[in-house]
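Contents: one structure, followed by commentary.
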Amino acid sequence: MSVEDKLNFAVGRRLGYYYYLKDMQNEVENTAVTKYIKENPNTDFALFCNECRAKMI
């Protein structure tokens, strides 16, 4: 999996778009996650994912 796909899955999972890797095949959801990433270029997504994960605990 490419670095971009890994980021897309991690962010999409935390946003609730994906549960399984195969969920990335849904074009509507994949486009929404890609758009979110592109619209937030200065976001530290590692920190974002950690914060989302912490909220779930």
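N26 places no side-chain N or O within donor-acceptor distance of the main-chain N or O of D23, the cut-off being under 3.5 Å. Side-chain N or O atoms of N30 include none that pairs as donor or acceptor with a backbone N or O of Q25 at under 3.5 Å.
Annotation: the span from E29 atom CD to T34 atom OG1 amounts to 11.5 Å, rounded to 0.5 Å. The distance from atom OH of Y20 to atom CZ of R13, rounded to the nearest 0.5 Å, is 9.0 Å. Annotation: the span from Y17 atom OH to T31 atom OG1 amounts to 10.5 Å, rounded to 0.5 Å.
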Decide yes or no on side chain to side chain contact (heavy atoms under 4.5 Å, CB included) for L21 and M1, but give the supporting numbers first.
-> CA-CA 10 Å; L21 285 174; M1 187 183 290; 3.4 Å; yes
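Contacts of Y18 classified as side chain to side chain donor-acceptor pair (under 3.5 Å), with partners at least two apart in sequence or in another chain: N8.
Remark: K6 is not positioned above the aromatic ring of F9, lacking an NZ or CZ atom under 6.0 angstrom from the ring centre and at most 45 degrees off the axis.
Shortest non-hydrogen contact noted between C49 and V11 is SG-N, 4.3 Å.
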